[in-house]
Amino acid sequence: MNLAQSSHIPAPGRRPKLKDMPWLLRYSTRGLWELILARIVFSRLEAKAIPQRNRISERAASPRSSITQAKAARMSYVLPRLSDRLPWRSDCLVQAIAAQNWLSSFGAASEIQIGVENPKGGEFSAHAWLLYNKQVVTGGDIDRYDLILSDSRHDQDPEDDNAVSERN
């Protein structure tokens, strides 16, 4: 199930209801704080540090930690909406860092992944997203991106590896 379509958040195109306000206020406050911290981290981040962040997240994870789907879905809902309203750069990588830090505070392991897209006749683009339990928390629809940076490549299907080698 895509977290962005979870029953724990307002449906796409719908505004939050009054019953959503308590969690929305809590998550928005925490999300804003995490985005501020992530922007600071991003300003000093080197690309080679992303796999290191993933390994640190994995090692620091608590085996007893379990983030409910509702929590992850609410993070997925709040972070991009806050990012759109901030006066500083809070694009995909900043959101992924913020969500990874947030999940790590609960003792949950997550992984930032980066992919590229080279559409026919279009411009090259890169995108970052965050995975938690094999679900995309930040980054939206990632289907059109070819994965180039991931610590969990060995977990992919052998068919996917063949597809990658055929493109190279």
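Residue indices begin at 1 and follow the sequence shown.
When atom types are taken as modelled, the side chain of H127 and the backbone of G139 share a donor-acceptor pair closer than 3.5 angstrom. S62 contributes no side-chain N or O that, together with a main-chain N or O of G107, makes up a donor-acceptor pair within less than 3.5 Å. Between the side chain of T29 and the backbone N or O of L25, at least one donor-acceptor pair lies under 3.5 Å.
Note: F42 and W88 fail the aromatic proximity criterion, with ring centroids not under 6.0 Å apart.
Counting heavy atoms from C-beta on, the side chains of P10 and K17 never come closer than 4.5 Å. Side-chain atoms of D141 and V136, non-hydrogen and from C-beta on, never get closer than 4.5 Å to each other.
For the salt bridge (Lys or Arg N to Asp or Glu O under 4.0 Å) test, no residue two or more places apart in sequence or in another chain qualifies with E123.
Taking a 6.0 Å sphere around CD of E117, one finds it holds more than 12 heavy atoms contributed by other residues, nucleotides or ligands.
Hydrophobic clustering (ILVMFWY, side-chain heavy atoms < 4.5 Å, transitive): L45 and I36 are in one cluster. Both M21 and L82 belong to a single network of hydrophobic side chains, linked directly or stepwise wherever heavy atoms of I, L, V, M, F, W or Y lie under 4.5 Å apart. Both I148 and I112 are assigned to one and the same hydrophobic cluster, defined by single-linkage of ILVMFWY side chains at heavy-atom distances under 4.5 Å.
Side-chain contacts under 4.5 Å among hydrophobic residues (ILVMFWY), followed directly or transitively, place W33 together with L37.
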Please tabulate, one pair per line, all N/O donor-acceptor pairs under 3.5 Å involving side-chain atoms of residues 92-100, not counting sequence neighbours.
from: Q95; atom 1: NE2; to: S90; atom 2: O; distance (Å): 3.0
from: Q100; atom 1: OE1; to: R53; atom 2: NE; distance (Å): 3.2
from: Q100; atom 1: OE1; to: R53; atom 2: NH2; distance (Å): 3.3
from: Q100; atom 1: NE2; to: N54; atom 2: OD1; distance (Å): 3.0
from: Q100; atom 1: NE2; to: S110; atom 2: O; distance (Å): 3.3

* In sequence, state the C-alpha distance, the side-chain angles, and the governing distance for Y27 and W102, and then conclude on ring pair (Phe, Tyr, Trp, His ring centres under 6.0 Å). => CA-CA 10 Å; Y27 278 72; W102 196 348; 5.6 Å; yes
